[in-house]
Protein chains: 2
Amino acid sequence: MSGNKPTTIKEIARKLKISPSTVSRALNDHPSIGDVTKDRVRKIAEEMAYEPNQTAIFFKQRKTFTIGVILPKLSEPFFSDAISTIETVAEEKKYTVLLGQSLDNEQRELNIVQSFKKHRVDGILMSLGKNTANMDYLDILAKTEIPIVFFDCVPDLPNVHKVYSDLSTGMMEAIDAFIDRGHHKIALINGPESLLASKQRSEYFIKALKQRGLAVDTNYIVHTDLTEQGNEDAMESLCALADRPSAVVSFNDFVTLDLIRYAKQRGIVMNQDMYFISYANYPLWKYMDNPPMGSIEQYPDQQAQRAAEILFDCIDKKEAVEQAQEVIFPSKLVLK
Amino acid sequence: MSGNKPTTIKEIARKLKISPSTVSRALNDHPSIGDVTKDRVRKIAEEMAYEPNQTAIFFKQRKTFTIGVILPKLSEPFFSDAISTIETVAEEKKYTVLLGQSLDNEQRELNIVQSFKKHRVDGILMSLGKNTANMDYLDILAKTEIPIVFFDCVPDLPNVHKVYSDLSTGMMEAIDAFIDRGHHKIALINGPESLLASKQRSEYFIKALKQRGLAVDTNYIVHTDLTEQGNEDAMESLCALADRPSAVVSFNDFVTLDLIRYAKQRGIVMNQDMYFISYANYPLWKYMDNPPMGSIEQYPDQQAQRAAEILFDCIDKKEAVEQAQEVIFPSKLVLK
DNA sequence: TTGTAGGCGTTATCAT
DNA sequence: ATGATAACGCCTACAA
């Protein structure tokens, strides 16, 4: 039960009085080795509890059969779904998954990338943190030739592989749903203006309103820093308007949780005085007495699956991945 | 942007017309190397974008600076909290985390252990799946000398390191809370009888009732297989009783979500006709109109932290870990 | 202060 | 069918 080192091929060879190469070949079922020898080797290997030293093999093959996954935080169902899918795909390819949560912290993101690089992962799947602006690691990785595929929260750059959800389709459906139900005072509670995700929501929101012939009231577009306080403040500023909106598209379901709670405190009746639709389609709404009118599904599993496939294509050096891949899934409104 | 291999120490040596060992030492700031040489080496290394090949180092050191974490599923907040803590501790020790979700599947658990062993992780943190009975990997790991520390859902074996939550304290508090509020018809909706977790809940439930002088009505102890249907069935069987209980301890918050929904459908008014307390203390209750009376916190972060510490002690070969460590945190009722 | 040589475990190449 | 040798990149005892 103490420091007895693992058996090596050499030891087997010595015991059998044959050469290490023969042992190696026998163990790998090489055709040129006789069945007798193979059997003898296998038997002894079994007895001595031989286990190939993968670190040696990785080293020699210049491959680790490991991919790194970097995402903001696993406590968001979107990402815990995604990682499950990634794991499944990886498992099929006999790969193992190295995990890193950035917690939306740019510095951590960089550290994780560095650490993954150190560990010589064969590839990286990454969803950016909410505030990430700096893309230095792209250079770092380009130098090291480690393929990287972004998903969900992707950088606004050409020449990188990315898989994400098209927020506009869901937005259009949301606005449609609101208008069809007679709403014309529709607001947007958006995330921080710096985020690409926010810019997109904003853009699609305005586009959708215009397309349906509604005027865009800038008072109806407010921002939250995504903290509980920020969410409440955003809601408050909407409620303070003389002409309060009757429908709200919110950044995501987490924000909406706070909005609904705040609204209730203020005596605003859900789905009567005010209607909500947000992004994410988290599974918890079915347990709520006052769920939002709908939520926009962004398909974490599909995104993760596709991103993982592209990554493995890169790793396996398929031709198709010479150019940067860009895969976009439409988002979809799900009524509650 | 193509197959130019990473710089090696040899190449730097050649370029500088000095020996590889000198380069190695210079790079590692060895005291015997002159400052001039160090500077020259560092400069060239920088220029040539030298990166030490960790796989070579791992191979040589017989260490990977990697720990494997195996847990049932990250979609449970308990585990996503736990993994965050583990990552933090690992990061401090310059370790990276390999992830494996067992999805409560024993075969997967074994595969993951095998895969981790292949990757020569320096240690493993593991929380068992709900149905795991087979502990073969313990032998596997013992042979390989890979330390393993269990947390939360731990095996009922001696001689293994384990960190878990004492369910009895929370149960006692729950029963106390119910009784103090005048309840004496108290039921338990338990998980599958096969689970250790269920056996414990059952045992502590009965013990707590007896301790407070209440009779134990076996009709008041029902089981669910933890599916939505199972949860509803369990609730149904309680509601069907002539003498319906007014208070229920349930297996966990997920079960309680279904119970509450079912109860509401049946016109049972929460916290009036019926009161609930369950294990987990998930963060979502604050958003619910009808939260349970309370929930029992099991401190994922503390458990994970402690387990990780023990694991690193094992890895660092501290004396203290020669005997199997067993750390128990009391669970605690949190009223809503 | 620096260089030389050997080895970590495995496998591929070239012999025999 | 099997063996000897070299090499992957790095480190380090020993030598100079």
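Quantities reported herein were computed from a predicted structural model and do not represent experimental measurements. Below, chains carry the letters A, B, ... as their sequence lines are ordered, and counting in each starts from 1.
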Asker: Have a look at the helix from C:dT1-D:dA16 to C:dT16-D:dA1 and give the angle its two end axes make, five pairs each, rounded to 10 degrees.
Answerer: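 It comes to 50° between the two terminal axes.
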
Asker: Looking at B:K118 and A:E51, is any side-chain nitrogen of the basic one under 4.0 Å from a carboxylate oxygen of the acidic one?
Answerer: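 Salt bridge: no.
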
Asker: Is any side-chain N of the basic residue among A:D122 and A:K93 closer than 4.0 Å to the acidic one's carboxylate O?
Answerer: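 Looking at A:K93 together with A:D122, the answer is no, because their closest N to O distance does not fall below 4.0 Å.
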
Asker: Closer than 4.0 Å, any side-chain N/O of A:T22 to the OP1 or OP2 of D:dT2?
Answerer: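 Checking D:dT2 against A:T22, no side-chain N or O comes under 4.0 Å of OP1 or OP2.
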
Asker: I'd like to know if B:E309 and B:R306 make a salt bridge, using a cut-off of under 4.0 Å between side-chain N and carboxylate O.
Answerer: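 Result for this pair is yes, salt bridge flagged.
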
Asker: For a side chain to side chain donor-acceptor pair (under 3.5 Å) with B:K38, tell me which candidate from B:N28, B:D29, B:T22 qualifies.
Answerer: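 Going through the options one by one, the only one that passes is B:D29.
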
Asker: Taking only distance into account, with no hydrogens and no angle test, what donor-acceptor pairs under 3.5 Å do side-chain atoms of residues 81-88 of chain B form with protein atoms, sequence neighbours excluded?
Answerer:
from	atom 1	to	atom 2	distance (Å)
B:S84	OG	A:Q101	OE1	3.4
B:S84	OG	A:Q101	NE2	3.0
B:S84	OG	B:S80	O	3.1
B:T85	OG1	B:D81	O	3.3
B:T85	OG1	B:D301	OD1	2.8
B:E87	OE1	A:Q101	N	3.2
B:E87	OE1	A:Q101	NE2	3.1
B:E87	OE2	A:Q101	N	2.9
B:T88	OG1	B:S84	O	2.8

Asker: Assert yes or no for the condition that the ring centre distance of A:F65 to B:H119 is strictly below 6.0 Å.
Answerer: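 No, the ring of A:F65 stays outside the 6.0 Å limit from the ring of B:H119, centre to centre.
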
Asker: Go nucleotide by nucleotide along DNA chain C from the 5' end; which of B:S32 and B:R62 gets its closest nucleotide reached first?
Answerer: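 Result of the comparison: B:S32.
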
Asker: Looking at B:F312 versus B:Y95, is the centre-to-centre ring distance below 6.0 Å?
Answerer: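 Yes, the ring of B:F312 comes within the 6.0 Å limit of the ring of B:Y95, centre to centre.
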
Asker: Show each protein N/O and nucleotides 10-12 of chain D N/O combination with a separation under 3.5 Å, one pair to a line.
Answerer:
from	atom 1	to	atom 2	distance (Å)
D:dC10	OP1	B:Y50	OH	2.6
D:dC10	OP1	B:N53	N	3.2
D:dC10	OP2	B:I9	N	2.8
D:dC11	OP2	B:S24	OG	3.1

Asker: Classify B:T55 by what it touches in the nucleic acid, base, sugar-phosphate, or nothing, heavy-atom distance under 4.0 Å.
Answerer: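 Here B:T55 touches no strand at all.
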
Asker: NZ of A:K118 versus P of D:dG9: gap in Å, rounded?
Answerer: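 About 18 Å, once rounded to whole Å.
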
Asker: Output all residues satisfying side chain to side chain donor-acceptor pair (under 3.5 Å) with B:D104, sequence neighbours left out; order by chain, then residue number.
Answerer: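 None.
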
Asker: For DNA chain C, whose closest nucleotide is more 5', that of B:P31 or that of B:F59?
Answerer: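 Its nearest nucleotide being more 5', the pick is B:P31.
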
Asker: Could you tell me which residues satisfy side chain to side chain donor-acceptor pair (under 3.5 Å) with B:Q302, sequence neighbours excluded, listed by chain and number?
Answerer: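 Testing B:Q302 for side chain to side chain donor-acceptor pair (under 3.5 Å), a comparison that skips the adjacent residues, returns none.
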
Asker: Quick one, A:K130 with A:C153, criterion side chain to side chain contact (heavy atoms under 4.5 Å, CB included). Give me CA distance, side-chain angles, the key distance, then yes/no.
Answerer: CA-CA 8 Å; A:K130 295 218 191 311; A:C153 200; 6.0 Å; no

Asker: Tell me, please, the opening and closing nucleotides of DNA chain C, 5' to 3', among those with an atom under 4.0 angstrom from a non-hydrogen atom of chain A.
Answerer: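 Contact span on the strand: C:dC8 to C:dT13.
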
Asker: Enter the distance from A:Q303:CD to A:S127:OG here, rounded to the nearest 0.5 Å.
Answerer: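 That separation rounds to 8.0 Å.
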
